[in-house]
K.L.:
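First the structure, which I've put down as structure tokens, then a few questions once you've had a look.
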Amino acid sequence: MQQQSQLWVITIRTLFFFLLIFNSLAIYSSLEDYLYSDIGDTSNIHGEVGLINIPSSRILDEGNLKLHLVNADPINSLLISTNPFDWMEVSLRYADINTEKYSPYPQFSGKQTYKDKSFNLKVRLIKESDNFPELSIGFRDFIGTGKFAGEYIVSSKRIGDFDFTVGLGWGSLSNSDGIHNPFIDIDDHFKSRFKPYGRGGDLEFDRWFTGEKVSSFYGVEYINKYSGIRFKLDYDSSNAFNLPKNSDFAFGLSIPASKFIDINLFRHRGNSLGFGISYKANYANQIVKKNEFVNQIIFNKSDKLLLSENDAIFSGTINVILREYGIFTQEIFLSANKVNLIVDQSRYRNLNTATKRIVELIRSVLQTRDIKKLSITYKTGNVNIGQVNFSLNKFEKFIDNSLSLSELNNFLEYSNYKNIDEKNRIFQGVVKYPSFYWGIKPDLKNHVGAPEAFYSGQIGILAGGGINIDKNSNIDTSISLSIYQNLDQLRLKSYSRLPKVRSDIREYLQEKYALRDLTYTYISDPKYSENFLFFGGLKVGLFEEMFGGVGGEIALRDITQPWYITANYYWVKQRNFNQRLSFRNYETFTGHLNFTWETPIEGVKLVLSGGRYLARDSGITVNMSKTFKTGFTVGFFATKTDISTLEFGEGSFDKGIYFSIPLDIVSSSYRKDNARFVWRNLTRDGGSMLSGGLGLDGYIENTSSNFLNYLSNGFYE
Amino acid sequence: MIFLCGCANDSIYTELLKNFTILVNGPEDISQDLVDKVPYASMQARLGNSENSLIVLEEDRNNILKWTTSNYVKIFTQNGFVIRLTGLGNELQKIDLDKNHPANLIQFPEDKIVMTSFYSFENPQLIRLPVKTIFSFVKDETIIVLGKEIETKVFKEESLNNLISWRFENKYWVNENKEIVKSIQHFSPKNPPIHLLTTKKYSKP
């Protein structure tokens, strides 16, 4: 009996001990979050999130953009990868392949080694849970020359500090000693990957998951919580380039150098050391917190009396207060307890932020007149693009944190602008015409991967300026001045079966001093209605480096609808290479009907453009993009026209991806500027559009009620 | 082929130049004009090497002052020592100060003292992390605040070994009234230190 009670005491003590331990662990379980800064999953040498040679099923959070440089002799790569969604990873690769020459003809490309551009895609199919691993499917070099082409299915499971990965690879991820391709049992066409040589750049669905053999790959990653260093070990039996190989195992380290940078060191093929460095940031989140000081004005009794009785003082005060924040009052209408403001602003990317700022700034002025309703109309140029109407009292409650955004939304309405009774106008801004503007900015020109030289470029200055003749028209110009350039090493002439509307780019790039553009623009007074906004314009002059001419554009949109239409038509003539006022002989008509749809998927926009292109080919361009709430945009475009892939040349059809990074993401103040990067496979003549046109979509994009609801974060800052 | 086209106007270059100047010379102080515009008690504040901004006193509750910024960052101070800071991604939820801490004693020791305070953080959560610090006098120094010279004593508070190997050194400039007029205080291992400078002193009503 005594023994039994002793046993109970020991058991209770033991339980108590373990409870204490678990309790302590619970208290300190979050210690590891403060022990090191986890930079998150890192990339393999192919730019995919993964180990060393092999991909894992992991995908970074949406909004990430990563630049990755890998030295894995004899193949070195520059990679850019991004995540439009948290289930999708897209990467671009520019590879320098030192096993072969750019071409067999030294007189063509000298000693330059082979260069290859390719796209990779990875999509997560199943998200990891406590019991099930994550599963993803990937396509390597799925639009390109196919040098790296391969497909894989991969699964990863995290257990404690270890992340295990296992997968099956086809194409470049397999070898001849692999296992039987199970898809051959379904259909015989999976047996052979061989295709007659094409132009490259096609989406060759029928090659996917083909080949006699499939190879397995696997690996493990250990994350050290005290340093943030990731130790990687993988097994990969593939050898797409038949490189000397002593081992199928590779091992290495990923070392976090900062919050944004990681350095990778590895040994692979049993005989080669390599390294990589990557810079990664998530542009879906504001990197630097905004910090705009909002000056609260307190009026004394006599001020309040003046503001309540004198329209000129009332409107003038609003005008002065808003101007300090880059919001320019164009007109103010006052009727009963309602104020209509028409403003032009170039500071706030998100119109909801502008709305909030206006209320914060002028609420004390409006209170002197007991204003109940406020309508703000946003104006771009001479176009009132739409208005937001709300109860002032409710909005103030929202600002004072006594009303939630969902409650505020019941009192907030976006509508098309319609003409306001002029007799209620108490203020109209006076703009003196003509007005002048000018500015200078750095001008960079790059040409990467030419046969004569890997990189050619120019650093210069772009000086621009213009005259606003009246509210409808302006003259605009810019001149580029070279400071340093080595573009004259581009000596080879382009070859094209089509009119050389873009492929002569080298000739244009080499000009040291150029008149970039010189245009006269006229935007008509828009037609406003409760149900739509319709406006148009004309443009004449030198639109861009390569073309000048005359043409027009129209736009139709209803702010309450998630779509709008624009159409343009231009007669253009090709400019001389020296980019002064003279032209070459080539001329044509070009024009497109563009349908923009803001899809129900948050921030995803689809633009379909059909029409005639610069090389007189006709077809359609699909442009799909995702805009994050910060303004970061990632998208792709592809154009297919009525020319054959043979006529188009290498690449088969025009395609590319682009990023637009809002510059204020790293600034504590607001601004609308973007840095835009476009990557296309090759510059070809087929499917080329005119640039430098009126671009009326720029007036109305991201301002529909649909998009402003999506951008509701702007109310919070 | 990569094309890089900046759709920026010249003002972004002005900001770049400004940021570069901050890197080289440090950020500019808030002007007397801006301080005068605000009728409330205020401090100049900045995180790390960012630009200075003005924060104003929102509340005094049991001698704990709550300061607010235009972007809703809230800073709570006790006798000039930051004890809570919210509104950033990673937040200092609370510091349970050692009973001998100058914030509790309202006096600054001439000799070194060792104290243990407990830090609690949010996002990610970490509750009552014990942090041992050593507090000591450094030197006398004359500082200039809004063009006015102030004689101060400089103290430092250095962290000792702790569970997350958090190394920091806080600095305090204390005037003859035993008030902190300027400080550099670390409040979380995941954020840069906050630099505070009293621009308009709070006087209890």
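Note: hydrogens, waters and symmetry copies are ignored here, and every other heavy atom, side chains too, is used. In what follows, every chain begins at residue 1, and chains take the letters A, B, ... in the order their sequences are listed.
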K.L.:
Flag yes if more than 12 heavy atoms outside B/Glu169 fall under 6.0 Å of its CD atom; otherwise flag no.
P.N.:
yes
K.L.:
Is it the backbone or the side chain of A/Ile298 that comes under 4.5 Å from a heavy atom of chain B, or both, or neither?
P.N.:
side chain
K.L.:
Just wondering, more than 12 heavy atoms not from A/Phe260 lying within 6.0 Å of its CZ?
P.N.:
yes
K.L.:
Can you tell which part of A/Tyr658 gets under 4.5 Å to a heavy atom of chain B, answering side chain, backbone, both or neither?
P.N.:
neither
K.L.:
Of the backbone (N, CA, C, O) and the side chain (C-beta and beyond), which part of B/Leu34 lies under 4.5 Å from a heavy atom of chain A, both, or neither?
P.N.:
side chain
K.L.:
Report yes or no: does A/Tyr34 contribute a side-chain atom to a donor-acceptor pair with the main-chain N or O of B/Trp166 at less than 3.5 Å?
P.N.:
no
K.L.:
Is the count of non-hydrogen atoms from other residues, nucleotides or ligands lying under 6.0 Å from B/Ile134 atom CD1 greater than 12?
P.N.:
yes
K.L.:
Could you please state which residues from residues 111-123 of chain B sit under 4.5 angstrom from chain A, measuring non-hydrogen atom to non-hydrogen atom, sorted by number, or 'none'?
P.N.:
B/Phe121, B/Glu122, B/Asn123
K.L.:
Return yes when atom NZ of B/Lys200 has more than 12 non-hydrogen atoms of other residues, nucleotides or ligands closer than 6.0 Å, and no otherwise.
P.N.:
yes
